[in-house]
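For reference, the structure is listed below as C-alpha cells.
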Amino acid sequence: MTTKDAGSQTLPVADSAAVPRLFHRLHGALGPQSWWPAESAFEVLVGAVLTQNAAWRNVEQVIDGLRALDWMTPEAILAAPPKALAECLRPSGYYNVKSQRLRAACETWLALGGEAGIRSMETASARARLLEVKGLGPESVDDVLLYGFHRPVFVVDAYTRRIFSRIGLVSPRIGYDDLQALFHKALAPDVGQFNEFHALIVTIGKWYCRPRIPRCEACPLRDDCAHGLARDQRS
DNA sequence: CTCCTGAAAA
DNA sequence: TTTTCCGGAG
C-alpha cells in the first residue's frame, strides 16, 4: 500500500468487510425503513428535486399540493404557469430554482419516453442522460434509478459522508463517485439492500449522527465508530 | 467558495 | 435565536 493510492480517498485502515457488517447492525437495530414514499417513478423524481437541501416534512406539503392540483405528471407540470408552479413549490424552499429544475427534468423525462422509455434503458445510459439535466446531480439521479427504477445503484448523500468519515472508513472530503464506489465494491448489487441501507443511513444521520451535537451514547453504531469510541474515553 | 429559501426543531 | 434539512450550479 502506497501513501498516495492514485486518487482513492479511502483511508488505509478501510476494510470493506466493515460495510456489510454495519448494514446488518443498522438493520437489526432500526428495522425496515420502507422507502421511498412515492407512488410512481415520476414521483420519486419530483421528490428527489424538492428534497435537495430541504426537510422531507416540507417536501410532503408540496407533493400534496401538486396532487391536489392534479399536477403530478410531467405534462401537467410543463403546462402549469411557471409563476404558479413556483408558488406551489414554496414550502420546500429554493422554489425559484427548484421550479426550473423540475421543468428541465420533466422535459428530459418526456424526451426519453417517460417512465416506460427510461425503464427500457440500460442503467448507465439512463444515468448519463439524467445527469445532463441542469438541476439533477448524482444524488437526485441515483434516487430515481434506485427507488424509481429499482436499479442496483447505491445512493450517497451528506449523511453517508458524515457517518462513514466519523466511523473512520473514509476521508470527510471524499467525492461522490469514490464514496459510491466503496459501497459498490463492498456489497453485492442487491436493490433491496441498497434501498434499505441508504434509508437506514438517513435515519442515523438524522437522529444520532447529527452535524454539531451527535447523540453517540444512544447510536446503534457506537461500538463500530471511531468517533463514538473516542467519546467514551473522554468520559 | 457562495448562492438559492421556507419550515420547524433545537 | 440558531441550526438543520434525503443538493446542485456557478
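To find a chain, count down the sequence lines: A is the first, B the second, and so on, and within it residues start at 1. These numbers come from the heavy atoms of this one structure, side chains and all, not from hydrogens, waters or symmetry mates. Just so we're clear, the structure is a prediction, and the values are computed from it rather than from any experiment.
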Notebook entry, point to check: Nearest-Å distance, CG (A:L50) to P (B:dG6)?
Noted result: 15 Å
Check: Taking atom C1' in both B:dT5 and C:dT4, what distance in whole Å separates the two?
Finding: 13 Å
Checklist line | Any A:L130 side-chain heavy atom under 4.5 Å of A:L112 side chain | finding: yes
Checklist line | Separation of atom CG in A:D157 from atom P in C:dC5, rounded to whole Å | finding: 10 Å
Check: A:F164 has an atom CZ; how far is it from atom C1' of C:dC6, in whole Å?
Finding: 15 Å
Next item on the list: Using a 4.0 Å heavy-atom cut-off across all strands, classify A:R101 as base, sugar-phosphate, or nothing.
Entry: base
Next item on the list: Report the nucleotide, chosen from C:dC6, C:dG8, B:dA9, that has the shortest atom-to-atom distance to any side-chain atom of A:V202.
Entry: C:dC6
Item checked: 5' priority, DNA chain C, between A:R162 and A:Q52 [closest heavy atom] -> A:R162
Margin query: Parallel, tilted or perpendicular: which one describes the rings of A:F149 and A:W109, with boundaries at 30° and 60°?
Written below: tilted
Checklist line | Nearest-Å distance for atom pair CD/C1', residues A:E196 and C:dC6 | finding: 15 Å
Next item on the list: Between C:dG8, B:dA9, C:dC5, spot the one nearest the side chain of A:P138, thanks.
Entry: C:dG8
Checklist line | is_close_aromatic(A:F23, A:F194), centroid dist under 6.0 Å | finding: no
Checklist line | Phosphate-side-chain proximity, A:Y95 and B:dG6, N/O vs OP1/OP2 below 4.0 Å | finding: yes
Item checked: Over 12 foreign heavy atoms within 6.0 Å of CD, A:E122 -> no
Next item on the list: Drop me the distance from A:L200's CG to A:L221's CG, to the nearest 0.5 angstrom.
Entry: 9.5 Å
Item checked: A:Y159 side chain near C:dC5 phosphate (N/O to OP1/OP2, under 4.0 Å) -> yes
Check: For A:G93, which contact category applies under a 4.0 Å heavy-atom criterion: base, sugar-phosphate, or nothing?
Finding: base
Check: In whole Å, what is the span from the CD atom of A:E139 to the C1' atom of C:dC5?
Finding: 12 Å
Margin query: At less than 4.0 Å, is any side-chain N or O atom of A:R90 found next to OP1 or OP2 of B:dG6? Yes or no.
Written below: yes
Next item on the list: Give a yes/no verdict on base stacking between C:dC6 and A:W36: centres under 5.5 Å, planes within less than 30° of parallel.
Entry: no
Notebook entry, point to check: Should A:S92 be listed as having a side-chain N or O under 4.0 Å from OP1 or OP2 of B:dA7?
Noted result: no
Check: Is it the case that more than 12 heavy atoms not belonging to A:R127 sit under 6.0 Å from its CZ atom?
Finding: yes
Note to self: Measuring from the side chain of A:P211 (C-beta onward, heavy atoms only), which nucleotide among C:dT4, B:dA8, C:dC6 has the closest atom?
What the structure shows: C:dT4
Next item on the list: Would you kindly compare A:V97 and A:Q61 by the position of their nearest DNA chain B nucleotide and give the one closer to the 5′ end?
Entry: A:V97
Check: How many Å lie between CD on A:Q180 and C1' on C:dG7, as a whole number?
Finding: 15 Å
Check: In whole Å, what is the span from the CG atom of A:N58 to the P atom of C:dC5?
Finding: 13 Å
Next item on the list: Select base, sugar-phosphate, or nothing to describe what A:V62 touches, counting heavy atoms under 4.0 Å on all strands.
Entry: nothing
Notebook entry, point to check: Closest nucleotide of DNA chain C for A:R210 versus for A:A158: which of these residues is on the 5' side?
Noted result: A:R210
Check: Expressed as a whole number of Å, how far does the P atom of B:dA7 sit from that of C:dG8?
Finding: 22 Å
Check: For B:dT5, does either OP1 or OP2 sit under 4.0 Å from a side-chain N or O belonging to A:N96?
Finding: yes
Checklist line | Whole-angstrom distance between B:dC4 and C:dT1, as gauged at atom P | finding: 22 Å
Notebook entry, point to check: Are A:R215 and B:dA10 close enough that a side-chain N or O sits under 4.0 Å from OP1 or OP2?
Noted result: yes
Checklist line | Distance, rounded to the nearest Å, where A:K98 contributes NZ and C:dC6 contributes C1' | finding: 11 Å
Checklist line | Basic-acidic side-chain contact under 4.0 Å: A:R103, A:E107 | finding: no
